[in-house]
Structures are given as C-alpha cells and as structure tokens.
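Heads up, the thing below is written out as structure tokens.
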Amino acid sequence: MNGVTAFIDNAFLPAGNGPRLAVIDPATETQVATVEESGAGGVDRAVAAARRAFRDGPWRRMPAVA
C-alpha cells in the first residue's frame, strides 16, 4: 500500500501527521493506497494554485471544441 501526499502546484506536499484516508478500487473493493487528508493550509494552497492556473494558463484561451 502506498502512502501518498497531495500534489499541488506541480509539487508533492510533505507528509504530515494528519488522518489518512483509504483509496478503494471500486471494481475489486480492495484498498489500493492511502492519502493524507488535507488541512486548511493545503486547501488554501490548492485553491490559490487553481486560480493562478486559470488566470495565467494557456488552456484558458483555447477553444472548447478543437
């Protein structure tokens, strides 16, 4: 089982001591990994990165249909 941290703004966040959540494969109902639950700081960082990507990213100016 792999322990995974959050991947935000092109970087893995270091693991903390927060609660871990099981990731379940719905096809087999087996646990395939665990992920750390994000706290307020991680959520704030993710939201800021998403806003920056929307504001500055080239995909924003791409047509919806290719």
Side-chain angles (χ1 to χ4, degrees):
M1 213 88 37
N2 295 331
V4 188
T5 60
F7 186 71
I8 299 173
D9 208 14
N10 204 33
F12 285 100
L13 295 180
N17 294 328
R20 300 197 65 85
L21 306 172
V23 178
I24 306 296
D25 179 344
T28 63
E29 297 184 356
T30 58
Q31 183 175 334
V32 295
T34 61
V35 293
E36 186 175 345
E37 187 175 301
S38 290
V43 173
D44 290 345
R45 185 172 174 184
V47 169
R51 283 186 178 144
R52 211 170 29 259
F54 180 75
R55 183 187 64 230
D56 303 334
W59 60 268
R60 181 179 180 204
R61 293 176 290 283
M62 292 179 182
V65 178

For A49, what residues pass the side-chain contact (heavy atoms from CB on, under 4.5 Å) criterion, not counting sequence neighbours? I8, D9, R52

With a cut-off of 6.0 Å (strictly less than), are more than 12 heavy atoms of other residues, nucleotides or ligands near CG of D56? yes

Any salt bridge (Lys or Arg N to Asp or Glu O under 4.0 Å) involving residues 37-46? Give me the pairs, sequence neighbours left out, ordered by first then second residue. none

With a 4.5 Å cut-off on side-chain heavy-atom distances among I, L, V, M, F, W and Y, is there a chain of contacts connecting F7 to V43? no

Do you reckon L21 sits in the same ILVMFWY cluster as V23, going by side-chain contacts under 4.5 Å, direct or chained? yes

Between T34 and R20, the two heavy atoms sitting closest are OG1-NE, 3.2 Å

